[in-house]
Amino acid sequence: MHWIAPTERDTVTDTIEKRLWDAADQFRANSGLTAAQYSAPVLGLIFLLFAESRFAKRHKQLESAGASARRSTSRVDDPAAYHAEGVMYLPEAARFAHLLNLPEGANIGQAINDAMAAVEQQNPQLAGVLPRSYQIFTSTLLKELLKKISEIPVDTGYDAFGRIYEYFLGEFARTEGQKGGEFYTPSSIVRLLVEIIEPFHGRILDPACGSGGMFVSSARFVSEHQRSSPRPSGEGLGVREKFSGNPADELLIHGVEKTDETGRLARMNLAIHGLEGDIRHGGHINSYYDDPHEACIPFPSPSGRGAGGEGERHGRFDFVLANPPFNVNAVDKERLASEVGAGRRYPFGLPRTDNANYLWIQLFYSSLNTKGRAGFVMANSASDARSSEQELRRQLIEARAVDVMVAVGPNMFYTVTLPCTLWFLDKGKSQLPSPSGRGAGGEGAPDIANTILFIDARHLYRQIDRAHRDWSEAQIGFIANIVRLYRGEAPDYTLGGEEAKAKLHEVFVPSPLQGEGRDGGRSLQYRDTPGLCKAATLAEIEAQGWSLNPGRYVGVATGEEVSDEDFKEKLETLNEELEVLNAQARELEQTIAANVAEILEA
């Protein structure tokens with residue numbers, strides 16, 4: 001299916017990005033620092049600006065409340081009155097406006113350092129997070145930087161800070177000549193991940209959390225969906241749980257970030273949005289070897305016995321969201337040996353190849369509780385990987401945990417052009433009853449426990465500029481509602497509105513003229529749609545070598561041909577897989593050579 005949304009250039013965001021990069025250029029030209037060194041001071045001041053925006057709104061509310069109250073006591077200077085609403089309290093000397101208006105001749109670097117220290121003192125969750133290296137810059141340079149940053153509108157979006165970070169990281173990576181392997185996940189991809197796993201309430205984990213955008217988007221989802229959860233729960237289908245719609249009350253946030261500086265940015269991002277979380281970062285923390293949140297501490301199932309007579313064990317998280325680094329090599333598997341086996345972090349075993357993709361996938365799976373859902377970004381090659389990775393994938397599929405697979409086209413990231421795949425796991429689906437039979441055309445309620453939904457979204461996009469794409473809100477809402485129909489849930493048009501609704505009705509309202517449906521085409525109903533989606537059975541998946549590549553199942557719509565772009569994308573994917581296989585071959589060659597040398601020496 002092809003749906004290219006009209007380009008809607010966000011001139012406000014474009015202006016913000018240009019202003020920010022102009023400011024960064026001043027640092028680069030006048031400080032002699034590298035991109036990695038000067039990014040933190042710039043983002044620290046941006047953080048302070050957005051923090052003051054939230055502070056000012058709360059300050060005005062407290063002033064109004066104090067003026068209308070009979071009592072003479074005002075709470076405008078009471079930190080607790082701000083913290084109660086998830087807002088950081090800023091002392092006078094720590095406010096952006098105060099720093100901006102410092103007189104000529106003032107030691108601005110020291111003043112900013114003192115401001116950052118004061119913010120941390122009044123807001124303990126930020127202890128040790130904010131940068132304090134401003135004294136190395138001249139007051140003149142800092143004065144100009146403050147002026148430029150002050151021009152940024154502070155109401156540009158829910159995740160404005162993360163969007164700014166995405167732009168900076170992309171530009172810094174290009175400036176440094178890097179491939180940008182550690183990058184911020186574009187907001188449209190994050191929003192789709194969140195819309196599909198529906199994190200209304202519970203513990204949420206991102207073991208490669210970057211700047212914390214997954215958490216911010218989850219909080220946004222909660223605040224926008226102030227209603228009952230559509231997920232089957234309790235003792236049967238249709239039981240709904242009521243939630244407050246307040247992210248601070250509904251989500252318990254846990255993150256891991258190997259890079260200390262990026263982990264600090266995540267904590268800053270949470271604080272700006274009135275959120276708190278347990279973010280472990282820096283030091284020697286590494287998600288392959290460490291489990292700082294005890295995600296996989298085993299819990300006995302209600303029955304207490306597994307299929308083999310042993311106690312059945314699961315993780316502790318309701319939701320996992322992640323965009324891990326792809327195709328990482330040189331993981332020390334000897335350090336993982338004690339974590340292999342049922343109920344442990346790597347329940348299906350270790351891949352023989354020098355590639356960590358299936359280590360990440362198993363970490364996400366093992367962190368989930370019995371009804372937990374996960375959504376994550378993964379390299380295309382993982383969907384079709386052979387050898388030991390194919391065996392690991394088979395076990396994951398046969399565990400009835402893979403829920404949805406979404407193929408994503410190229411150019412969706414700032415710093416890499418390759419396409420990718422979105423994976424969705426749902427441990428609760430295996431507990432669902434099987435519905436009555438489906439129609440010959442694939443319409444009707446699928447047997448969710450024994451099928452996997454494949455969606456090809458490579459030709460759904462909005463062209464931002466020549467080199468970058470994203471999804472419009474209507475496209476995100478459309479894709480997420482395909483999944484809801486597949487699950488037997490009612491559509492939700494909170495995201496995408498009437499445009500998403502119209503596209504969904506265009507594709508999924510049954511057509512009596514074609515022998516579909518019995519209600520005159522009035523109700524929405526999931527059906528397999530060539531070129532867009534297919535609910536494949538486990539038997540069909542086994543016949544494809546346990547492949548999880550959506551293109552193998554969805555096919556091409558009637559009248560459509562394979563485009564040059566499809567061919568290029570397929571070639572890029574095959575080349576990526578070839579590189580992995582070549583690396584494995586070199587590893588085997590070295591092992592064989594070492595073994596032969598050992599035999600000859602003997």
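In what follows, every heavy atom counts, from backbone to side chain, and hydrogens, waters and symmetry copies are set aside.
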Please check this pair: side chain of [X] against backbone of [Y], looking for a donor-acceptor N/O pair closer than 3.5 Å.
X      : Y      : answer
Ser367 : Ala295 : no
Gln362 : Gly349 : yes
Ser388 : Pro351 : no
Asn481 : Asp492 : yes
Tyr289 : Asp332 : yes
Arg191 : Ile189 : no
Trp423 : Val377 : no
Thr262 : Ser211 : no
Arg484 : Ile479 : no
Ser217 : Met214 : no

Does the side chain of Asn369 pick up a donor-acceptor pair with the side chain of Asp318 at under 3.5 Å?
->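 Yes, a side-chain donor-acceptor pair sits under 3.5 Å.
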Leu396 and Val402: side chain to side chain contact (heavy atoms under 4.5 Å, CB included), yes or no, with the steps?
-> CA-CA 7 Å; Leu396 182 67; Val402 182; 3.8 Å; yes
Of the non-hydrogen atoms in [X] and [Y], which two are nearest, and what is the gap between them?
X      : Y      : value
Ile452 : Met405 : CG2-CG, 4.2 Å
Ser381 : Asn327 : OG-OD1, 3.7 Å
Val507 : Leu532 : CG1-CD2, 4.0 Å
Leu205 : His293 : CD1-CD2, 3.9 Å
Gly213 : Asn269 : N-ND2, 4.1 Å
Asp291 : Cys296 : OD2-N, 3.1 Å

Tell me, please, which residues at least two apart from Tyr365 pass ring-ring contact (aromatic ring centres under 6.0 Å, His included).
-> Phe348
Under the ring-ring contact (aromatic ring centres under 6.0 Å, His included) rule, collect the residues that match up with Tyr358, sequence neighbours excluded.
->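 Tyr358 satisfies ring-ring contact (aromatic ring centres under 6.0 Å, His included) with no residue once adjacent residues are dropped.
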Using side-chain contact (heavy atoms from CB on, under 4.5 Å) as the criterion, point out the one residue from Tyr486, Tyr553, Phe508, Phe454 that pairs with Cys533.
->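 In the set Tyr486, Tyr553, Phe508, Phe454, the residue that makes a side-chain contact (heavy atoms from CB on, under 4.5 Å) with Cys533 is Phe508.
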Qualifying residue, where the test is side-chain contact (heavy atoms from CB on, under 4.5 Å) with Leu193 and the options are Leu321, Val406, Asn323 |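 That would be Leu321.
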Sort out for me which residue in Arg393, Gln390, Arg552 forms a side-chain hydrogen bond (donor to acceptor under 3.5 Å, both in side chains) with Ser547.
->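 The single option meeting the side-chain hydrogen bond (donor to acceptor under 3.5 Å, both in side chains) with Ser547 is Arg552.
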Reported [atom1]-to-[atom2] distance for the pair [X] and [Y], which is rounded to 0.5 angstrom:
X      : Y      : atom1 : atom2 : value
Glu250 : His201 : CD    : NE2   : 6.0 Å
Tyr461 : Asp470 : OH    : CG    : 12.0 Å
Trp546 : Gln395 : CH2   : CD    : 10.5 Å
Arg352 : Leu392 : CZ    : CG    : 9.0 Å
Leu485 : Leu453 : CG    : CG    : 10.0 Å
Ser366 : Arg316 : OG    : CZ    : 13.0 Å

State, with a plain yes or no, whether a side-chain heavy atom of [X] is found less than 4.5 Å away from one of [Y].
X      : Y      : value
Leu495 : Glu195 : yes
Val408 : Phe413 : no
Leu336 : Val331 : yes
Val328 : Asn355 : no
Leu524 : Tyr526 : no
Leu538 : Arg400 : yes
Arg469 : Ser188 : no
Leu275 : Ile253 : yes

Looking at Phe319, does the NZ or CZ of Arg373 lie under 6.0 angstrom from its six-membered ring centre and within 45 degrees of the ring axis?
->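 Judged by the rule, Arg373 and Phe319 form no cation-pi pair.
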Do any pairs count as a side chain to side chain donor-acceptor pair (under 3.5 Å) and have a residue in residues 533-542, sequence neighbours left out, and if so which ones?
->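 Residue pairs passing side chain to side chain donor-acceptor pair (under 3.5 Å), neighbours aside: Lys534-Glu540, Thr537-Glu540.
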Should the pair Phe317 and His254 be assigned to parallel (<30°), tilted (30 to 60°) or perpendicular (>60°) ring geometry?
->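 Rings of Phe317 and His254: perpendicular, as their planes differ by over 60°.
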Between [X] and [Y], does at least one N-O distance fall below 4.0 Å, as a salt bridge requires?
X      : Y      : answer
Glu589 : Arg586 : no
Arg280 : Asp278 : yes
Asp403 : Arg487 : yes

More than 12 heavy atoms of other residues, nucleotides or ligands under 6.0 Å from CD of Glu391: is that the case?
-> yes
So does Lys429 have more than 12 non-hydrogen atoms from other groups sitting under 6.0 Å from NZ?
-> yes
List the steps and the verdict of side chain to side chain contact (heavy atoms under 4.5 Å, CB included) for Cys209 and Val256.
-> CA-CA 6 Å; Cys209 70; Val256 181; 5.9 Å; no
Any chance you could lay out the side chain to side chain contact (heavy atoms under 4.5 Å, CB included) test for Ile397 and Leu548, step after step, and finish with the verdict?
-> CA-CA 9 Å; Ile397 294 169; Leu548 290 176; 3.8 Å; yes
Would you confirm whether the ring centroid of Trp360 sits within less than 6.0 angstrom of the ring centroid of Tyr288?
->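 Yes, ring centres under 6.0 Å apart.
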Verify side chain to side chain contact (heavy atoms under 4.5 Å, CB included) between Thr529 and Val554, making sure each step is shown before the conclusion.
-> CA-CA 7 Å; Thr529 303; Val554 173; over 6 Å; no
